[in-house]
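All values below were derived from every heavy atom in this structure, side-chain atoms included, with hydrogens, water molecules and symmetry-related copies excluded.
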Amino acid sequence: MNFIQAWKNGPGPESARDYLVLILKGICMGVADIIPGVSGGTMAFITGIYDNLIDSIRSFNGRFIKSLLKFDLTGAVAEAHLKFLLPLLFGIVVAMVSMARVIHTLLGTHPVQVWSLFFGLIAASILVVGRRVGEISAKNILSGICGAVFSYFLVGLIPVTTPDTLWFVFICASISICAMILPGISGAFILLLLGKYEFITGAIRNPTNLENGAILLAFVCGCAFGISLFSRVLHFLLEKHHAITVSLLTGFMAGAMRKIWPWKEVLDSVVIRGKVHVLSEANVLPPAYDGEFASAVLLMVAGFAAVIILEWVSSARD
């Protein structure tokens, strides 16, 4: 088998249209990761590629590493799900590079409208994902409640001061990368909670420095370890305890709605490298039922409808 055959035999898109659709789904994930408190994992669930994403991450296993060490690129390509991951990652990177400034500008100028759109998207996705639970049982309900309570309190925590040692950077990376593939929980927010957001972003700004290089190496290794281990745990749970796991993930999304509520009052904030980052805030009722409120409601409905339509189209194809 040659390189091209190994690529074609892997799981992933088959036509130019399939590639385009997968790239668009990656763009959705990338945009979600830009929004503070919103997870790309949520978008993966909404767009129906969550299981494929977990399987693709798991494909970077011992056989893949062994092939790389032997310089057997064909064997490595045959083992890894690159045909799925590369178009998806391309979409994520395109979104982050092209949309980051736009999203952050809109969050600064029209925060209520942006949060309202995402509130509608996540609200509908809770219903869509919840339907995949299957049977309603006491265990599933309890699992969903536990997920919601955990997520609700997690997104309300205040960041703490933590050590800057490499071993702790490794641990923070392992935890935050897991959050990035969990619906409803933002990996960047976890870094902020663990007191490492400024530390890591500072190292990224000057990666050629020897000390910063060591920090980033520890971070990358932690990410690789965390996502490799956690993807296998998630795969096992989804395969062996599907209903309870999906109930838990649905609860995560429901609890995270606290973070996405459009109307907020900032209680505490910090300036990191010239940018204001909110440490704690409280949800409040709309200050006035005016044009801004009407536009927010319309965007909520639009976001909700978009997810329902997307689910309907996907179901019709199946």
Side-chain angles (χ1 to χ4, degrees), residues 26 29-44 50 53-62 64-65 68 80-82 85-86 88-89 92-93 95-97 100 150-151 154-155 157-237 249 252 256 259 270 272-273 275 277-279:
M29 290 183 63
V31 170
D33 279 323
I34 294 169
I35 305 293
V38 180
S39 168
T42 300
M43 286 300 160
Y50 193 77
L53 177 62
I54 299 301
D55 288 340
S56 296
I57 295 171
R58 289 178 59 248
S59 69
F60 292 89
N61 50 29
F64 172 80
I65 296 174
L68 281 184
H81 296 184
L82 296 178
L85 273 179
L86 290 183
L88 185 70
L89 288 174
I92 292 173
V93 172
M96 287 186 165
V97 171
F150 174 79
S151 180
L154 179 66
V155 299
L157 292 177
I158 297 176
V160 297
T161 301
T162 53
D164 294 336
T165 53
L166 294 181
W167 67 267
F168 193 77
V169 170
F170 181 93
I171 291 175
C172 290
S174 301
I175 297 173
S176 63
I177 196 67
C178 295
M180 286 180 181
I181 61 173
L182 276 177
I185 301 177
S186 165
F189 181 72
I190 295 297
L191 275 182
L192 195 60
L193 285 181
L194 293 172
K196 285 292 159 284
Y197 185 86
E198 179 182 8
F199 189 68
I200 298 301
T201 54
I204 293 173
R205 288 173 63 90
N206 187 18
T208 56
N209 178 277
L210 185 61
E211 183 178 350
N212 288 346
I215 293 169
L216 293 178
L217 179 61
F219 187 79
V220 170
C221 290
C223 287
F225 173 79
I227 201 166
S228 176
L229 178 63
F230 191 62
S231 63
R232 284 160 173 77
V233 173
L234 262 183
H235 175 78
F236 172 81
L237 292 174
L249 295 177
F252 282 158
K259 181 71 176 178
V270 63
I272 299 177
R273 306 193 183 279
K275 295 182 179 179
H277 295 270
V278 176
L279 298 181

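The minimum heavy-atom distance linking C178 with G226 is given by the pair SG-O, 3.5 Å. Across A44 and L53, no two heavy atoms sit closer than the pair CB-CD2, 4.1 Å. Smallest separation of non-hydrogen atoms from K196 and P163: CE-O, 2.8 Å. Closest approach of L166 and I215 over heavy atoms only: CD2-CA, 3.8 Å. Across all their heavy atoms, D164 and V169 have their closest contact at O-CG2, 4.3 Å. Contact record, L85 with S56: CG-CB, 3.6 Å, taken as the closest heavy-atom pair.
When the ring pair (Phe, Tyr, Trp, His ring centres under 6.0 Å) test is applied to F225, the partners found at least two apart in sequence or on another chain are F170.
Put simply, SG on C172 and CD1 on I177 are 13.0 Å apart, with the number rounded to the nearest 0.5 Å. For the atom pair I54 CD1 and S59 OG, the distance stands at 11.5 Å (nearest 0.5 Å). Atoms CG and CZ, on L194 and F168 in that order, are 5.5 Å from each other to the nearest 0.5 Å.
In terms of modelled atom types and a separation under 3.5 Å, the side chain of S231 and the main chain of I57 share no donor-acceptor contact. Distance alone, capped at 3.5 Å, is enough to place a donor-acceptor pair between the S174 side chain and the G222 backbone. Judged by distance alone, the side chain of R58 and the main-chain N or O of H235 form no donor-acceptor pair under 3.5 Å.
L191 places none of its side-chain heavy atoms less than 4.5 Å from the side chain of F199. Contact check for F60 versus L82: side-chain heavy atoms found under the 4.5 Å cut-off.
Judged purely by distance below 3.5 Å, without hydrogens or angles, the side chains of D55 and H81 never pair a donor atom with an acceptor atom.
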